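Report on the structure given below.
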Amino acid sequence: MSALLDSLASGFCGSDARRAELDAALQAGLPGPRTEAWKYTSLRQLERRSFQPAPLAPAVVDAALLADIPSPRLVFVNGRPSGALSDVAAVPAGVQLATLSSALAAGDEAARFLGRRFERSEEVFARLNAALADEGVLLRVEEGVQVEAPLQLVFISVSGETDLSWHHRHLIELRSGAALGVVEHHLHVGDAAHLDNTLVHVHLAQDAVLSHARVQADATRATSLLRTDAVLARNAQYRRVDLELGAALSRHELNVRLEGDNAQLTTNGVLLGNGRRHVDTRLGIEHIARDTASEMVWRGVAANRSRVVFHGGIHIREGADGTDANLSNKNLLLSADAEIDTQPTLVIDADEVKAAHGATVGQLDANALFYLRSRGLPADRAQQLLSAAFCHEPLNVLDARLTEQLTAQLSRALAVAGVA
């Protein structure tokens, strides 16, 4: 058994069912290069590392770090909820925002989603989460409730003497006709090298609308492993933007099932590779009902010695007639030592559908660079302006308040990376 799995297993304390999930993960081991879903993401360095379970008490963080993040907000520090930094007093009626630990302590039936099991051997981190998760966010909106101000979920990693691990399990549930905006912030203090293994369940009932922004700006030595499983009912709308801006190794698996007629998905994102970062995103979109639609616009940038990996999978099931699915993945390669691997896939088992997918990997347009340089801009500044414009394109699918937050954070990350 690897040092990683051995260290994670040492923190186990749970039921027999959870023990079975842990044993299954240990028996399967970490996926290697022959596992198709992990073909472009090596875990050889990670498997030699050890992590300690995060202590129950959150680390102390200066509240000034949250100066730009409005309320209502729920804050976690090194995997644990921080009452001192959270501010949930303004959560409107009809919305439940709680920690998973408090829901478990209260016997809340909503925590039953912890019972989901995972069968495939490559789902080792989902299995580990099923065995080890003891904290997270429980967010539910009652039928017909329309929430105007976005809710802020903040996750801060703080460097310390030991490398820590935490396993979060989140539930976002909108009942019929509900509407909500959510912004996730993943921040850091110091050069933290922790492991964050998170699993998110998104359930949207009929006519529900969720706008979801996520900014992953963790420390340059951190490891971020995220899986999101979303289910959309009839006429539900899920609009999402992901910014992958930090961590040494980040991987996000976004799985969405459009199970109700006329369900709509928009998922856009930016993958920023610089230094020696490894960024991996996998989309698994299933059109199951009639007249569903999905729109996906993803942009990747790889500089220095980084590697960006993108898999965009669309499956239009039998009977999903009237589907309209579109995927665009464009990438900029800014260094000869960087690498980009993009893999769009499209499987159609239905008639009368519209579907398109495409991917490109290239460099900045030589004519555009020449135009800017002819106006007196230095070569590096011209490259930065064009790269920034390329990266900001996917952001404009959310309302103005969310887009403004994303634009500011993306601009700062591009400047730090030397791209803008």
Side-chain angles (χ1 to χ4, degrees), residues 4 8 11 14 18 21-22 25 30 37 41 43 46 51 53-54 58 73-82 97-101 103-104 111 113-114 116-118 122-139 151-158 163-173 182-188 192-203 210 212-219 222-230 240-256 267 269 278-284:
L4 172 68
L8 297 181
R18 286 192 157 202
E21 285 293 310
L22 179 61
L30 296 177
T41 298
L43 298 175
L46 181 62
F51 298 89
R73 64 176 182 245
L74 183 60
V75 181
F76 292 74
V77 181
N78 282 353
R80 302 301 178 186
S82 171
L97 178 60
T99 64
L100 177 60
S101 58
L104 290 171
F113 70 93
L114 288 173
R116 180 180 171 185
R117 299 294 174 253
F118 303 91
E122 69 267 21
E123 296 179 301
V124 59
F125 290 104
R127 284 175 161 175
L128 288 169
N129 186 284
L132 301 172
D134 62 353
E135 195 53 271
V137 175
L138 192 65
L139 175 55
L151 301 184
Q152 313 285 328
L153 305 178
V154 185
F155 305 91
I156 305 171
S157 62
V158 180
D163 295 342
L164 304 177
S165 66
W166 50 86
H167 308 265
H168 281 173
R169 196 77 168 266
H170 306 320
L171 172 65
I172 301 176
E173 180 181 14
V182 175
V183 183
E184 288 185 50
H185 308 264
H186 296 260
L187 310 175
H188 68 278
H194 306 317
L195 169 66
D196 174 4
N197 177 28
T198 294
L199 183 55
V200 184
H201 302 271
V202 176
H203 298 163
L210 175 61
H212 189 176
R214 171 177 164 270
V215 182
Q216 189 277 105
D218 219 324
T223 301
S224 174
L225 302 170
L226 170 65
R227 171 170 167 166
T228 303
D229 291 344
R240 178 180 182 124
V241 173
D242 286 270
L243 302 183
E244 295 285 354
L245 310 177
L249 167 62
S250 65
R251 177 181 169 97
H252 182 198
E253 301 175 28
L254 175 60
N255 306 309
V256 182
T267 171
H278 186 103
V279 188
D280 184 356
T281 291
R282 294 183 63 85
L283 306 183

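What you see is a predicted model; the values in this text were computed from it and never measured.
Inter-residue side-chain proximity for Leu22 and Leu128 is flagged as met; some heavy-atom pair is nearer than 4.5 Å. Phe76 has its side chain within reach of Glu135: a pair of non-hydrogen atoms, C-beta onward, lies under 4.5 Å apart. At least one side-chain heavy atom of Leu104 sits under 4.5 Å from a side-chain heavy atom of Leu114.
Taking each heavy atom of Ala54 and Trp166 in turn, the nearest pair found is CB-CE3, 4.1 Å. What you find for Arg251 and Ala37 is that their closest heavy atoms are NH2-O, 3.0 Å. Minimum heavy-atom separation, His186 to Asp196: ND1-OD2, 4.2 Å. Closest of all the heavy-atom pairs between Phe118 and Arg127 is O-NE, 2.9 Å. Across all their heavy atoms, Leu132 and Arg18 have their closest contact at C-NH1, 4.0 Å. Shortest non-hydrogen contact noted between Ala192 and Ser157 is CB-OG, 3.8 Å.
Note: His168 and Phe155 have tilted aromatic rings, judged against thresholds of 30 and 60 degrees for the angle between ring planes.
To the nearest 0.5 Å, atom OG1 of residue Thr228 and atom CG of residue Leu226 are 4.0 Å apart. Note: Asp229 CG to Leu171 CG = 11.5 Å, rounded to the nearest 0.5 Å. How far CZ of Arg116 is from CZ of Arg169: 7.5 Å, rounded to the nearest 0.5 Å. To the nearest 0.5 Å, atoms CD1 (Ile156) and CG (Asp218) are separated by 10.5 Å. If you take CG on Leu74 and CG on Leu97, they are separated by 5.0 Å, rounding to the nearest 0.5 Å. Interatomic distance, CG of Leu4 versus OG1 of Thr223, reported as 8.5 Å (0.5 Å rounding).
If you check the side chains of Thr198 and His170, you find no donor sitting under 3.5 Å from an acceptor. Using modelled atom types and a 3.5 Å distance limit, the side chains of Asn197 and Ser165 yield no donor-acceptor pair.
Looking only at distances, a side-chain donor or acceptor of Gln216 sits under 3.5 Å from a matching main-chain atom of Gly246. When atom types are taken as modelled, the side chain of Asp242 and the backbone of Arg214 share no donor-acceptor pair closer than 3.5 angstrom. In this structure, the side chain of His188 engages the main chain of Ala217 through a donor-acceptor pair within 3.5 Å.
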Checklist entry - Step by step, would you call Leu100 with Leu138 a side chain to side chain contact (heavy atoms under 4.5 Å, CB included)? => result CA-CA 6 Å; Leu100 177 60; Leu138 192 65; 5.6 Å; no

Item to check | Residues Arg240, Leu254; criterion side chain to side chain contact (heavy atoms under 4.5 Å, CB included); working and verdict | outcome: CA-CA 11 Å; Arg240 178 180 182 124; Leu254 175 60; 4.1 Å; yes

Next on the checklist: I'd like to know whether Glu173 forms a side-chain hydrogen bond (donor to acceptor under 3.5 Å, both in side chains) with His201, so could you lay out the CA-CA distance, the side-chain angles of the two residues, the decisive distance to 0.1 Å, and finally the verdict.
Outcome noted: CA-CA 8 Å; Glu173 180 181 14; His201 302 271; over 6 Å; no

Item to check | Stepwise side chain to side chain contact (heavy atoms under 4.5 Å, CB included) test for Asn129 and Arg227 | outcome: CA-CA 10 Å; Asn129 186 284; Arg227 171 170 167 166; over 6 Å; no

Checklist entry - His212 and Ile172: side chain to side chain contact (heavy atoms under 4.5 Å, CB included), yes or no, with the steps? => result CA-CA 10 Å; His212 189 176; Ile172 301 176; 4.2 Å; yes

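Using a cut-off of 4.0 Å between Lys/Arg side-chain N and Asp/Glu carboxylate O, Asp280 and Arg282 are scored as not salt-bridged.
Residue Leu195 forms a side chain to side chain contact (heavy atoms under 4.5 Å, CB included) with just one option from Leu164, Asp163, Leu249, Leu8, and that option is Leu8.
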